[in-house]
Amino acid sequence: MTHKLFLLLPLLFAFGHKEIDTNYSQRAGKVPATACYFETSDTSLQRLYNVAEEKAAKNVRKFSDQFTVLVEGAEYGNVWIETQPMGGAMYAKRNVLIARNNQLIFMDRQREDGKIPSMIGPISDYQYVKHLPFLDLSKDSLYFQFWGSIQGYNFPEPALEVYFLLNKDTAYLTKLYKCLELFDAFLWRTRDSDNNGCLEAWCTTDNGEDQSIRFKGAPDLWANDFAPTGKNLPPDINPEKSMVPYESMDMMAYSYSGRKVLAEISAIKGNGKTNYWYAKAKEVKDKMSQFLWRPEKHAYYDRDKNNEFLPTLIHNSLRTMNFGTMSQEMADDFIKFHLLNPDEFWTPMPLPSIAANDPLFQNSTMNNWSGQPQGLTYQRAIKALENYGHFAEVTLIGHKLLDKTARTLKFTQQFDPFTGEQNGGDGYGPTILSVLEYISRMYGVNISKDTVSWNGLALPGNKYSYTQKWGDKTFNLNQENDKVRCSINATPLFTCTAGVKIVTDLKGKVIELAVIDTVPIPLVLAMRGKIYKALIKPNEVYYLKNEKLVLKKKVPFDYPYRK
């Protein structure tokens, strides 16, 4: 993230843009009440959960009478576009109003040209930062905004998730559609300087990769709408050594994500543009696979200003999985060859930003995306792996993170990949929310759009209960003696062997089930007076047909790593 890097940079341009209308935010009504509870006889896990909840609540901050939001936490007291829409959506388990506010605060401050602020802060903090570049005040003078880069745009999917949690607020959806449409147009109007159909990163923090050594000769920030080349570069950068603009997997993924969500919204609204937006999303995905994917290396690679592949193996392929821009085969290969490789990304504390055996890897303890695993990567990895049915790998990563944080009860931005030593201030929101989300994916309930996932790993020698309240519904999961019992509003749904996730609709009708454990499960599912039995393996997905379990999908589980 940009954070403190812009302190030393010169002002490159003046602001003259207007903001988008905020009428919806002024009239937005009530939201469903939510709450979640986790109780377990595992004292270490219970303590971790309790402390994470307490520290997450401390990141709730009142920006104005209109907006109480969830900030990034630790040394970052503001909301950033790369973290807080996603963070807000995850916090919806506890407070849907805050989840909504974390989306609206960015929508309301979008400029008429489509650009969305990198960061937003309350006017009470403005006196401390007003001397900095790339800042301006909102038209209502309640906030200040920072425009120094694109800043890791992780917004469309979380914002759509919140629509469903708002009981499908149509006015919110209309506002979101306009926002995403404007931003996608902004990207393609400004970020393809060589008109080759691939969007570009122009500075280190466009992707939120603070201080990453892989950005050779790139400015830390770039707020202009023209590419940083030649005489345009800051005076401390030699144009001949600069490799930007980068043909960027991240920037392309931002567009793909936005277009896919625009297609989904179009389908909901029935506006006749569903096929249009799916086709536009496919254009981006196809270009990425043709131009940035290296099949012989099983990963995406950025290209430099000369369209030559950059050699650095970065974790960003996992980011693109979060946005859904790989095929199933591509995702399977990246996980098999790289993510689970102990020489690269499966270090003792996994998920370094640059592969541990890459020449550019640096094990810096400062905020630096050149090496150490980041809490934000753990947060993104959940959706990235779930998108491709790699549920057992979510469990593997969850165990690593929960085991580490349970010992320290600290929630820092970074971890040493070899020792697990934690670096950065305590109370870092993405790490806190990662802990809480992995618990929900391993031992709890997760609502997503119109579905509920009931996730019941065994917890040997211990029992647990997870309750999610949403409006007038209460979803409850109990595990004891390796058996899981689930109910809605105290009405029993089913009982099953621990180690699986069962996906239902909001009324409890089973859609599918999948193995989230890392070993085969001799499943026994009891539901509506019937018993279903099967030996099912990690990452296998089944559905019910003619009162039988039928294999729907079989995703590889290539753990442990084999060369």
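- In this pair, Y153 and F155 present their aromatic rings tilted. The plane angle is within the 30 to 60° band.
- Salt-bridge check for K509 with D505: failed, with every basic side-chain N at 4.0 Å or more from each acidic carboxylate O.
- For K336, the NZ atom sits in a loose shell: 12 or fewer heavy atoms of surrounding residues, nucleotides or ligands are nearer than 6.0 Å.
- The aromatic rings of Y163 and Y172 sit parallel, their planes meeting at an angle under 30°, below the 60° perpendicular limit.
- A cation-pi arrangement is present between R303 and F291 under the rule of less than 6.0 angstrom and at most 45 degrees off the ring axis.
- Both tests hold for R319 against W369: distance to the six-membered ring centre under 6.0 Å, angle to the ring axis within 45°.
- Contacts classified as salt bridge (charged side-chain N to carboxylate O under 4.0 Å, His left out) and involving residues 320-333 (residues at least two apart or in different chains) are not found.
- Ring to ring, Y37 and Y466 are not that close: their centroids are 6.0 angstrom or more apart.
- Looking only at atom types and distance, the side chain of T504 has a donor-acceptor partner in the side chain of W454 under 3.5 Å away.
- Electrostatic pairing of E53 and R94 counts as a salt bridge here, judged by a charged N lying under 4.0 Å from a carboxylate O.
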Exercise answer: donor-acceptor pairs, residues 186-199 side-chain atoms, under 3.5 Å, sequence neighbours excluded:
unit_1 : atom_1 : unit_2 : atom_2 : d
W188   : NE1    : S255   : OG     : 2.9
R189   : NH2    : D113   : O      : 2.5
T190   : OG1    : F186   : O      : 2.8
R191   : NH1    : E200   : O      : 3.2
R191   : NH1    : D206   : OD2    : 2.6
R191   : NH2    : D206   : OD1    : 3.2
R191   : NH2    : D206   : OD2    : 3.2
D192   : OD1    : N195   : N      : 3.3
D192   : OD1    : N196   : N      : 3.2
D192   : OD2    : N196   : N      : 3.4
D192   : OD2    : G197   : N      : 2.9
S193   : OG     : E200   : OE1    : 2.7
S193   : OG     : E200   : OE2    : 3.0
D194   : OD1    : N196   : N      : 3.4
D194   : OD2    : N196   : ND2    : 3.4
N196   : OD1    : C198   : N      : 3.1
N196   : ND2    : E247   : OE2    : 3.0

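- A salt bridge links E283 with K280: the distance from a Lys NZ or Arg NE/NH1/NH2 to an Asp or Glu carboxylate oxygen falls below 4.0 Å.
- Residues E437 and K93 are paired through a salt bridge, judged by an N-O separation under 4.0 Å between the basic side chain and the carboxylate.
- Here salt bridge (charged side-chain N to carboxylate O under 4.0 Å, His left out) pairs that include residues 145-162, with residues two or more places apart or in two chains, are E157-K260, E157-K449.
- To the nearest 0.5 Å, the span separating CG on N322 from OG on S317 amounts to 12.5 Å.
- Residue pairs meeting the salt bridge (charged side-chain N to carboxylate O under 4.0 Å, His left out) criterion with at least one member in residues 427-436: none, sequence neighbours excluded.
- Residue pairs meeting the salt bridge (charged side-chain N to carboxylate O under 4.0 Å, His left out) criterion with at least one member in residues 57-67, sequence neighbours excluded: R61-D125, K62-D65.
- In this structure, R214 pairs ionically with D302, as a charged nitrogen and a carboxylate oxygen lie closer than 4.0 Å.
- In summary, the aromatic rings of F38 and Y49 are positioned with their centroids under 6.0 Å apart.
- Ring geometry for Y126 against F144 counts as tilted: the plane angle lies between 30° and 60°, on a 0 to 90° scale.
- F106 pairs by the ring pair (Phe, Tyr, Trp, His ring centres under 6.0 Å) definition with nothing, not counting sequence neighbours.
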